[in-house]
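Quick caveat, the model's predicted, so the values are computed rather than measured.
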Amino acid sequence: MSAPRLRTTPLPGIGVQYDLVTRERRHLSVVAHRDGTRTVNLYRADDPDSCAQSLHLTAAEASSLTDALMPSHHSPSLLYTTDLGLVAERIEVAATSHWNGRVLGDTRMRTETGASVVAVLRRAEAIPSPAPDFRLAGGDTVIVIGTREGVDAAAAILGRE
């Protein structure tokens, strides 16, 4: 059996939705909200576009569920950012963004928010640790790490049109 495919859909201003179809042909989605909460949705078997159950989890509940699904005992050196009060998030640069075609340093993101850009995903390429003179482009996905407040502020900066 092939590995299940997890489809990721950015939800501007909300977060990211992850969709999975199980081997039993059941559709499951998780919406990772920017505030750290999660919404888990299970869709009807007879109508995969119709949600049968929806469960909203706090950030702490989502973390506990993650621990239950993937216990941390398998790798003691694994860094869990939630234990440190940090979050990592993907933020898309829209084609209409103020920053499309401008250099990363002009955003003053680290200075203004304390959050760090650790990578930029562009098409099939990953650019780790982009320098301040890195030129952003519409469609880029910026990987940002910082406090919840810092990452939210970084998303607001990158979302500027």
Side-chain angles (χ1 to χ4, degrees), residues 2-21 27-41 49 54 56-67 69-70 72 74-161:
S2 64
R5 183 169 177 267
L6 187 66
R7 188 178 74 219
T8 304
T9 307
L11 303 173
I14 297 170
V16 178
Q17 179 171 323
Y18 301 93
D19 289 282
L20 173 73
V21 176
H27 178 192
L28 172 74
S29 75
V30 176
V31 176
H33 299 270
R34 289 180 38 207
D35 66 0
T37 62
R38 302 292 187 260
T39 303
V40 180
N41 301 301
D49 292 327
S54 186
H56 192 73
L57 302 173
T58 66
E61 292 165 340
S63 180
S64 293
L65 180 59
T66 299
D67 286 344
L69 292 172
M70 190 167 184
S72 60
H74 69 280
S75 176
S77 64
L78 189 60
L79 174 64
Y80 287 98
T81 56
T82 55
D83 292 342
L84 301 173
L86 300 174
V87 295
E89 190 165 298
R90 298 171 181 237
I91 303 169
E92 187 170 339
V93 177
T96 58
S97 172
H98 172 78
W99 306 109
N100 184 5
R102 296 181 184 220
V103 296
L104 181 60
D106 288 350
T107 67
R108 298 184 39 82
M109 190 177 316
R110 177 135 174 96
T111 302
E112 298 295 325
T113 70
S116 296
V117 173
V118 296
V120 175
L121 307 177
R122 180 176 288 162
R123 295 180 202 91
E125 180 183 10
I127 299 99
S129 303
D133 63 348
F134 177 82
R135 196 163 298 280
L136 295 166
D140 282 353
T141 299
V142 180
I143 310 297
V144 179
I145 190 167
T147 63
R148 173 79 268 156
E149 297 79 18
V151 171
D152 285 346
I157 288 171
L158 289 173
R160 181 176 160 203
E161 294 190 7

Which heavy atom of [X] sits nearest a heavy atom of [Y], and at what distance?
X	Y	answer
N100	G138	OD1-N, 2.9 Å
G101	R135	O-NH1, 2.5 Å
T58	T37	CA-CG2, 4.1 Å
A115	V151	CB-N, 4.3 Å
A153	T113	CB-CG2, 3.4 Å
M109	A154	SD-CB, 3.4 Å

Task: Q17/T8 under side-chain contact (heavy atoms from CB on, under 4.5 Å): CA gap, chis, key distance, verdict - done: CA-CA 6 Å; Q17 179 171 323; T8 304; over 6 Å; no
[Y] side chain reached by [X] side chain, heavy atoms, under 4.5 Å:
X	Y	value
S54	T39	yes
L121	R90	yes
I127	D140	no

Look up atom [atom1] in [X] and atom [atom2] in [Y], then write down how far apart they are to the nearest 0.5 Å.
X	Y	atom1	atom2	result
L28	Y18	CG	OH	13.5 Å
W99	L158	CH2	CG	8.5 Å
L65	R38	CG	CZ	10.5 Å
I157	D152	CD1	CG	11.5 Å
I145	E89	CD1	CD	11.5 Å
N41	H56	CG	NE2	11.0 Å

Task: Working for side-chain contact (heavy atoms from CB on, under 4.5 Å), residues V93 and V120 - done: CA-CA 10 Å; V93 177; V120 175; over 6 Å; no
Open item on the list: For V118, is there any backbone N or O sitting under 3.5 Å from a side-chain donor or acceptor partner on S116?
Closed with: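 No, S116 side chain to V118 backbone: no donor-acceptor pair under 3.5 Å.
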Task: Test item: R148 side-chain N/O and R34 main-chain N/O as donor-acceptor pair under 3.5 Å - done: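 It does hold such a pair.
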